[in-house]
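Letters A, B, ... mirror the listed sequences (proteins, then strands); counts begin at 1.
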There are 4 protein chains.
Amino acid sequence: MALDETAHGVYVIAPTPFHPDGRVDEASTDRMTDFYLEAGCDGITALGVMGEAPKLDGAEALDVATRIIRRAGRAPVIIGVSAPGFAAMRALARGVMEVGAAGVMIAPPNTLRTDDQIVAYYAQAAEAIGSDVPFVVQDFPAQFSVVMTPAVIRRIVMANPNCVMVKHEDWPGLEKITALRGFEADGSMRHVSILCGNGGLFLDFEVERGADGAMTGYAFPDMLVDLVRLSREGQRDAAHDLFDAHLPLIRYEQQMGGIGLAVRKYVLARRGIIASDAQRKPGSALSARAKAEVEYLLSRVARFDKRALKLAA
Amino acid sequence: MALDETAHGVYVIAPTPFHPDGRVDEASTDRMTDFYLEAGCDGITALGVMGEAPKLDGAEALDVATRIIRRAGRAPVIIGVSAPGFAAMRALARGVMEVGAAGVMIAPPNTLRTDDQIVAYYAQAAEAIGSDVPFVVQDFPAQFSVVMTPAVIRRIVMANPNCVMVKHEDWPGLEKITALRGFEADGSMRHVSILCGNGGLFLDFEVERGADGAMTGYAFPDMLVDLVRLSREGQRDAAHDLFDAHLPLIRYEQQMGGIGLAVRKYVLARRGIIASDAQRKPGSALSARAKAEVEYLLSRVARFDKRALKLAA
Amino acid sequence: MALDETAHGVYVIAPTPFHPDGRVDEASTDRMTDFYLEAGCDGITALGVMGEAPKLDGAEALDVATRIIRRAGRAPVIIGVSAPGFAAMRALARGVMEVGAAGVMIAPPNTLRTDDQIVAYYAQAAEAIGSDVPFVVQDFPAQFSVVMTPAVIRRIVMANPNCVMVKHEDWPGLEKITALRGFEADGSMRHVSILCGNGGLFLDFEVERGADGAMTGYAFPDMLVDLVRLSREGQRDAAHDLFDAHLPLIRYEQQMGGIGLAVRKYVLARRGIIASDAQRKPGSALSARAKAEVEYLLSRVARFDKRALKLAA
Amino acid sequence: MALDETAHGVYVIAPTPFHPDGRVDEASTDRMTDFYLEAGCDGITALGVMGEAPKLDGAEALDVATRIIRRAGRAPVIIGVSAPGFAAMRALARGVMEVGAAGVMIAPPNTLRTDDQIVAYYAQAAEAIGSDVPFVVQDFPAQFSVVMTPAVIRRIVMANPNCVMVKHEDWPGLEKITALRGFEADGSMRHVSILCGNGGLFLDFEVERGADGAMTGYAFPDMLVDLVRLSREGQRDAAHDLFDAHLPLIRYEQQMGGIGLAVRKYVLARRGIIASDAQRKPGSALSARAKAEVEYLLSRVARFDKRALKLAA
């Protein structure tokens with residue numbers, strides 16, 4: 001089932017579960033995949049920034065991707081294939097499509113500066129992976145130092161028919177969503193799916209601005225599913241009430257340098273979804289102080305959302 | 001009254017009020033200064049990143065600083081004196097100290113890379129302003145691309161007796177506060193004041209980690225004052241309840257590129273504190289859509305905090 | 001005499017002469033100005049990156065500029081007015097035009113990324129200085145981290161009638177000169193003067209590609225004058241012979257971080273043009289080893305060019 | 001034969017020869033390897049920045065490395081193993097050591113900022129490749145945006161016994177060589193080999209400052225061999241005469257963004273060493289104008305050095 005521009009809802013960003021000794025934890029990978037789908041996620045994205053992908057060698061990366069893809073059955077799985085060169089990108093992209101991936105995600109290398117450089121890069125990437133492989137543009141300036149204007153995204157979309165989605169994580173980004181939807185309205189750009197990252201920090205308004213949903217790894221993807229649904233149903237206050245209850249924790253997860261991932265894995269482990277919060281080396285771990293802060297935040301979320309209550313008990 | 005390492009509480013970052021035609025709005029400057037002190041702020045910081053300082057020429061900058069300093073009376077005022085060269089930095093620093101500033105704040109130029117470069121820069125800056133001028137190190141990597149480890153901050157503090165405060169806005173930064181307080185505890189660094197910026201996004205935990213308070217421009221500094229007080233009194237849940245009620249708006253203010261400032265000025269104008277939300281050119285303005293989002297957020301804050309209720313009515 | 005798009009030849013970049021105690025050396029400033037004009041330079045550019053401009057306060061900058069402008073008489077003088085904000089830029093630009101500057105030079109702030117940001121910045125700068133002030137776009141990616149495609153330069157030129165010159169110091173840059181001249185040939189861009197910087201390292205080919213000359217601070221501007229003349233006369237081999245004889249020293253001057261400036265001031269002092277090679281603090285000085293290397297290079301240049309012989313004697 | 005700290009002379013950086021259709025050209029790879037050794041090179045470095053390594057997939061990279069290693073026989077071959085993650089780095093490093101590489105070269109990722117981050121990265125890399133694998137630190141700030149002070153290099157050297165060489169391409173860098181040799185002299189750092197890159201632009205003085213030789217890909221490595229020998233023999237003027245004759249071409253090769261590589265491959269092809277100057281896509285090609293410039297430079301070099309004469313005929 002190939003990814004296309006109608007994709008919407010929640011495509012959760014999956015971490016890669018490891019045993020404390022650094023081996024990939026396959027049982028946790030399966031349990032996590034099952035959980036995501038039971039939680040109502042529409043798809044899964046693996047081997048992204050948060051998936052510790054660079055710590056996997058080529059064979060491992062393909063193994064992890066294959067395992068998730070097969071376990072997910074008919075649910076679409078997107079695989080991050082960003083690489084320092086097009087040969088490795090192509091190899092991974094072809095490999096994961098063969099085992100059933102729905103599409104791939106491509107981040108820009110942080111050496112790109114001008115509009116033309118960015119557009120040329122995606123043309124080359126699209127050629128490298130092949131025109132039959134749907135791809136997602138990852139627009140994440142804070143992480144990659146590459147700034148794409150709405151007009152540049154339009155050029156990428158119009159030049160590459162297999163570009164079907166934007167992972168939107170510019171910051172600030174609300175006006176950008178409005179601009180892209182405006183391009184669609186004025187006929188200057190075909191429709192693409194827009195799923196939002198940035199840890200979900202602005203998701204409450206992003207969906208109101210026209211985004212199709214979320215692509216992020218917040219440890220309560222089931223909340224994201226509810227939020228997107230409530231917003232789509234027009235239940236604005238209810239959507240914000242739910243979001244605001246989780247915001248202190250969402251905010252706490254928004255920490256660069258591996259801390260955010262440590263929080264997510266910690267919470268996923270606390271929820272019983274993965275066995276260990278271990279990161280493969282070199283990784284970061286939460287201090288005792290930070291764990292206590294997360295526990296406190298969970299206990300506060302639980303006052304509103306029983307999903308946090310259960311584990312916080 | 002010179003700034004020293006015992007400073008604590010809330011030093012609010014002041015914007016520079018302008019008339020819609022671009023002239024400095026002196027009446028609003030006075031009203032804003034009065035408001036800050038009535039709101040319980042312990043001090044004021046002017047001509048920071050948020051103060052549109054680079055849009056003022058030298059004479060205007062000194063005028064704005066002088067007006068706020070004089071109006072604030074005995075309350076300490078810190079002036080941002082970051083400049084591309086030490087001559088301009090020295091000129092402004094000496095100028096504002098003469099009219100009664102409590103101290104100055106210095107951000108690192110974004111060309112600094114190595115530990116030694118950072119330490120050398122602050123030594124040169126300290127010499128340029130003079131050893132009798134207390135100064136604040138602004139540690140804001142996301143804005144300035146300069147990364148200071150705790151050990152580098154310690155070197156700066158120990159090498160420059162007139163370094164009395166760190167404006168902490170690293171992100172993530174909680175462990176950094178713990179590390180700096182650890183240096184004080186183990187005797188390897190003398191005590192300095194730590195006031196937190198970053199729009200207050202982590203202030204709830206920063207004060208618990210040992211920070212002395214806030215130095216940020218959130219449009220409800222009266223809330224920051226309460227938060228710091230509650231936390232200091234050990235009323236943890238009450239502090240978080242208050243913080244969480246404001247967090248959706250605090251988060252919304254956290255937008256780079258002038259948007260965050262536009263939100264702040266909009267709210268300050270809605271509260272009647274400044275006459276206009278105008279930024280001097282080149283500035284950014286809120287779209288109608290964004291204004292409606294801010295109004296919605298204000299209405300939600302008002303359910304918990306009557307200070308937002310009054311204006312949202 | 002206003003700068004316009006017919007400017008050509010050598011506009012030498014002037015350092016700011018200081019006494020060893022840090023005061024501006026006015027006698028050396030006069031002698032240097034006289035020397036430049038006697039050497040055949042067509043114009044002078046002051047307060048550029050190499051002019052230690054950020055170390056001057058506002059009054060000093062205007063004084064230095066005024067002194068050079070007046071001393072230069074009818075020869076055109078361009079003043080660097082790059083500043084962190086438009087207020088300071090405007091103040092300096094208006095100030096130096098009043099005392100007779102021919103035009104100003106504007107470098108982009110290193111926060112600009114997208115094509116539109118760069119174009120918008122120059123539109124704002126052009127408005128700030130006033131449409132009657134001719135300006136030079138400084139295209140120096142290695143220094144400013146801002147990458148301008150030929151198409152972006154064309155947009156700046158076409159949007160701002162007072163943009164009359166490009167200081168070309170992209171690297172590599174030969175194809176860029178060809179592209180810009182191609183725009184002129186195909187009628188899509190009006191003619192602008194292109195003078196080349198980058199220490200002159202590619203000047204031999206740059207003038208062959210269509211550049212109008214040099215704007216750089218090599219310590220033998222008299223050589224640059226000869227080179228541009230020889231190339232213009234079609235004496236290709238003679239031009240390269242002269243250039244190649246100086247290339248080892250030109251190359252040695254190409255060192256960032258103040259070393260290059262230290263070499264230039266050292267050679268200018270050795271030539272008797274300025275009294276001291278002092279840089280105002282914080283500056284760099286040549287090690288004894290580096291001085292010996294420069295002396296060796298001078299002795300080798302002198303085998304071909306007697307201008308180096310005289311001083312090396 | 002493992003690489004150790006006594007390495008000296010010329011370790012030429014090898015490009016990867018391609019057929020015009022993008023396949024690796026194995027015959028040219030062999031001929032090039034033979035040529036390098038006949039030219040007197042002491043070793044070869046493959047899969048560096050210049051080797052188009054990111055355009056090779058994992059299997060190709062290992063094939064190219066293996067081919068060169070085997071062809072080189074007893075001559076030491078260093079393989080670039082820089083990678084976005086330690087898993088891929090380890091896999092390539094172990095793979096090439098198994099087939100006989102002498103050591104590996106590791107560049108820092110451009111996200112590193114603080115001294116401690118750089119030191120920690122090399123500790124992790126050293127652990128990933130294994131303590132039995134000798135490695136080279138690539139110090140190339142202009143390419144990687146990572147600035148290492150001499151003290152940081154000393155920390156890396158002292159913490160990792162298998163660090164045996166620095167590829168020095170900081171710019172300016174002469175004082176850095178002096179500083180590192182000073183550390184050895186004062187006993188604070190054990191001896192490591194220093195081979196210089198940066199296209200050889202400062203090689204004449206670098207060897208005088210104490211560098212052990214060159215590691216760069218200039219298309220006349222036979223000249224580099226002579227230069228290092230002459231300098232070692234104390235024939236200073238002869239060394240500079242030779243260097244200066246080549247400097248205009250060395251300088252022309254110093255162009256970023258693939259242009260420099262295009263020049264090198266063009267000259268190697270003109271010398272009959274490789275069959276084609278093709279770069280694998282996405283690559284750059286020389287314009288007709290640029291080719292003519294290179295031919296002109298070759299004809300000028302040939303007046304002094306018959307090795308350029310032969311092909312220029």
Side-chain angles (χ1 to χ4, degrees), chain A residues 141-142 145 147 170-179 181-182 198-206 208-210 236-237 240-241 243-263 284-290 292-294 296-297 299-301 303-304, chain B residues 141-142 145 147 170-179 181-182 198-206 208-210 236-237 240-241 243-263 284-290 292-294 296-297 299-301 303-304:
Chain A
S145 301
V147 184
D170 199 352
W171 187 357
L174 295 174
E175 300 300 338
K176 194 175 224 175
I177 295 172
T178 298
R181 290 310 186 210
N198 244 331
L201 197 64
F202 286 85
L203 187 60
D204 50 344
F205 289 110
E206 286 165 337
E208 295 178 12
R209 290 283 186 126
R236 189 184 200 192
D237 289 345
H240 280 272
D241 288 346
F243 180 83
D244 289 358
H246 281 265
L247 184 53
L249 181 57
I250 289 174
R251 175 276 324 250
Y252 197 90
E253 270 192 2
Q254 278 292 92
Q255 299 189 59
M256 298 282 193
I259 301 294
L261 173 60
V263 176
S284 31
L286 295 185
S287 66
R289 187 74 189 253
E293 290 166 344
V294 173
Y296 181 67
L297 287 168
S299 73
R300 291 179 60 84
V301 171
R303 297 177 310 170
F304 187 94
Chain B
S145 301
V147 183
D170 199 352
W171 189 357
L174 295 174
E175 300 299 339
K176 195 178 226 175
I177 294 172
T178 298
R181 290 309 185 212
N198 244 331
L201 197 63
F202 286 85
L203 187 59
D204 49 345
F205 289 109
E206 287 165 338
E208 295 178 11
R209 289 285 188 125
R236 188 182 200 191
D237 289 345
H240 280 273
D241 288 345
F243 180 82
D244 289 358
H246 281 265
L247 183 54
L249 181 57
I250 288 173
R251 176 274 327 247
Y252 196 91
E253 270 192 4
Q254 277 292 92
Q255 300 188 61
M256 296 282 193
I259 301 293
L261 174 60
V263 176
S284 32
L286 294 185
S287 67
R289 187 70 189 255
E293 290 166 345
V294 174
Y296 181 66
L297 287 169
S299 74
R300 290 179 61 83
V301 172
R303 298 176 312 171
F304 186 95

What is the minimum heavy-atom distance between [X] and [Y], and which atoms define it?
X: B:Gln255; Y: A:Pro172; answer: OE1-CB, 2.8 Å
X: B:Gln254; Y: A:Trp171; answer: O-NE1, 2.6 Å
X: A:Phe243; Y: B:Arg251; answer: CE2-NH1, 3.4 Å
X: B:Glu175; Y: A:Ala290; answer: OE2-CB, 3.8 Å

Would you mind checking if A:Asp204 and B:Arg300 are paired as a salt bridge, meaning a charged N to carboxylate O distance below 4.0 Å?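 Salt bridge flag = no for A:Asp204 with B:Arg300.
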Between B:Asp237 and A:Arg303, does any side-chain N to carboxylate O distance fall below 4.0 Å?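 Between A:Arg303 and B:Asp237 there is no salt bridge, as every charged N stays at least 4.0 Å from the carboxylate O atoms.
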So A:Phe205 and B:Leu297, do their side chains get closer than 4.5 Å, heavy atoms only?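 B:Leu297 reaches A:Phe205 side chain to side chain.
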Contacting moiety of [X], where chain A heavy atoms sit under 4.5 Å:
X: B:Glu208; answer: both
X: B:Tyr252; answer: both
X: B:Ala245; answer: neither

Which residue out of B:Thr178, B:Ile259, B:Leu174 racks up the most heavy-atom pairs below 4.5 Å with chain A?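 Counting heavy-atom pairs under 4.5 Å, the top option is B:Leu174.
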Separation between CZ of A:Arg209 and OG of B:Ser287, rounded to the nearest 0.5 Å: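 It comes to 5.0 Å.
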